[in-house]
Amino acid sequence: MRSPRPVWSVLAVLCCVLSSTGALGEEAPWAVVLGQDAKVFTAAKQLAAWKQDRVFAWVKPVKGFPKVMAARALPGLPEDQQFVVLGVCGTKEEAEGARALVRPWVQGASVQQLTATAALSCPTPNALKSPLKTDAKADATHPFPDAPGLVLTEHRLNPRKVMECRASDLLLRVAQGPAVLAEVLMKGQCVGPCTPEEQLQAKERVAALQAQVKQGSTTAELLLKDSATECMARDSHVQKVITDLGMPMAVVASGSPIVSIKKPEGVLMAPGCGKLVQSPYLTGPGSNDLSLVEVEADQPGPEAWKRFNVSAAGQHVAHLVWASSRCEWRSDDPEPEGQDM
C-alpha cells in the first residue's frame, strides 16, 4: 500500500487551488491591465495619451474606469508597480473580451488573474443600435489579428435597378459577436444617361461625334471615348484587406465604366477614434490596380498604424500620418510642382 501524503503536502496543494479559485471554489477575478510603471505620474500620463487618442470608444467601462490603481488594490500583482486598469472581470473569457476592445491600439494590454477577491468592474462593448436590414447580404469577414473576437465585415445592401444599371451599397462594420462597434455605409449610384430622354440625347451626341471623327477631328475622337449611351453602376468594392499594422485596413475602390471616372478612386478604411475612418484618396503612380496596395509602418511597434507608407505595384502612393485631434489620416507628401493650392 502507498503511504499517505504528509499533511503539509496536502495543505500546499490546497493553498495553490484556493489562491486561484477562491475559498469556495469560485474563480479569482481577472484584471484587464493596459500598462504599468513604478511611478504614478508616468502611468497617469500614459492613460491620458490613450484617452486623447480615444482608444476607449468601443468600451463601456464601469464608472471611474479606466484608472491608475496601486498594487494593494490588485492582490497578486507586483507590489512596487502602479497599474492602468480597464476593469476587473469575474472570468478570463470576460476579461479577454474586454481587452480585445482596446487591443488594436493598446497592444501591451493583458489579462492578469488576481490571488484574492476584488470588487468587479468589468466593461462591456459600447455597441451601436444598428440592426442589419433584411436585404443585407454578407460578403466577407476579416478578423483582427491582434484582437481575437473582433471582426471587420462586408455587406451589400439596398440593391436597386435603374434601366440597365444594377447598383447597391457597401456596408463595412466592426463587430464583437452581436455587438456592432463601428460602421460606415458607402453608397452606390447609377451614372450616365439614366432616363429614356437622356439616352436618346446621348445616342444623338455619339452619332454627331462619330461623324466628326470621320472628318479627322481628334477632339471628337477623345470626346467619343468619354461618351456613354447606357446607365451604368458606380459602386464601392473592397479590393483587399491588409492586416500588417495590427488591424484590418480595407482597400476600397469606387469605379465606373465611363472613361472620365473609370480610374478607381481608392481609399483605405480603417478603425480610428471608435469609427471607420477614410484615408485621403490613393491616386498616386501605380494605383490603377488597387489589389496591389501594400502598407509599411515607419517604425514597428504598438503605434505602427500612426505613420505608414502606402505603395501599389512597388510604387509610392502616399505617406499617411494620424492626426489624433481631428481623428483622421493626412498625407504629408509634398504637393506636385505647379499644382494650384
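In what follows, residues are counted from 1 in the order of the sequence shown.
- Taking 4.0 Å as the cut-off between side-chain N and carboxylate O, Lys187 and Asp235 do not count as a salt-bridged pair.
- Formation of a donor-acceptor pair under 3.5 Å by the Thr195 side chain with backbone atoms of Glu198 is found in this model.
- Judged purely by atom type and a 3.5 angstrom limit, Lys240 has no side-chain atom pairing as donor or acceptor with the backbone of Ala250.
- For residues 64-90, every residue pair satisfying the side-chain hydrogen bond (donor to acceptor under 3.5 Å, both in side chains) rule, not counting sequence neighbours, is listed here: Gln36-Gln81.
- Between Leu77 and Phe83 there is a side-chain heavy-atom pair separated by less than 4.5 Å.
- Note that the CD atom of Glu294 and the CZ atom of Phe308 stand 12.5 Å from one another [nearest 0.5 Å].
- Side-chain contact annotation: Gln112 with Ser110, donor-acceptor N/O pair under 3.5 Å present.
- Looking only at atom types and distance, the side chain of Ser311 has no donor-acceptor partner in the side chain of Glu296 under 3.5 Å away.
- Residues Pro125 and Gln176 form a side-chain contact, since some pair of their non-hydrogen atoms from C-beta on lies under 4.5 Å apart.
- The closest donor-acceptor contact from the side chain of Gln52 to the backbone of Ala48 lies at 3.5 Å or more, if one exists at all.
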Q) How far apart are the C-alpha atoms of Lys306 and Asp298, what are their side-chain angles, what is the distance that settles it, and do they pass the salt bridge (Lys or Arg N to Asp or Glu O under 4.0 Å) test? A) CA-CA 9 Å; Lys306 287 188 175 182; Asp298 288 9; over 6 Å; no
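- Side chain to side chain, Gln199 and Glu204 fail the donor-acceptor criterion of an N or O pair below 3.5 Å.
- When atom types are taken as modelled, the side chain of Arg103 and the backbone of Asp146 share a donor-acceptor pair closer than 3.5 angstrom.
- Sulfur-sulfur distance for Cys190 and Cys165: below 2.5 Å, consistent with a disulfide.
- Salt-bridge annotation for Asp169 and Arg160: present, with a side-chain N of the basic residue lying under 4.0 Å from a carboxylate O of the acidic one.
- In this structure, Val238 and Leu172 have side chains that are in contact, with non-hydrogen atoms separated by less than 4.5 Å.
- One side chain, Ser168 or Arg156, offers a donor N or O that lies under 3.5 Å from an acceptor on the other.
- Between Thr91 atom OG1 and Glu27 atom CD the span is 6.0 Å, to the nearest 0.5 Å.
- Side chain of Asp135 to backbone of Asn158: a donor-acceptor contact under 3.5 angstrom is found.
- Checking side-chain atoms of Asp37 against main-chain N and O of Lys39 turns up a donor-acceptor pair under 3.5 Å.
- Under the ring-ring contact (aromatic ring centres under 6.0 Å, His included) criterion, the residue pairs touching residues 57-81 are Trp58-Trp105, with sequence neighbours excluded.
- Val184 is not connected to Leu157 by any chain of hydrophobic side-chain contacts under 4.5 Å among Ile, Leu, Val, Met, Phe, Trp and Tyr, and they are in different clusters.
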Q. For Gln239 and His237, what are the C-alpha separation, side-chain angles and deciding distance, and is it a side-chain contact (heavy atoms from CB on, under 4.5 Å)?
A. CA-CA 6 Å; Gln239 298 296 299; His237 295 274; 3.9 Å; yes
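- With sequence neighbours excluded, no residue forms a ring pair (Phe, Tyr, Trp, His ring centres under 6.0 Å) with Trp50.
- Counting heavy atoms of neighbouring residues, nucleotides and ligands inside a 6.0 Å radius, atom NZ of Lys92 does not exceed 12 of them.
- Inter-residue side-chain proximity for Val32 and Val88 is flagged as unmet; no heavy-atom pair is nearer than 4.5 Å.
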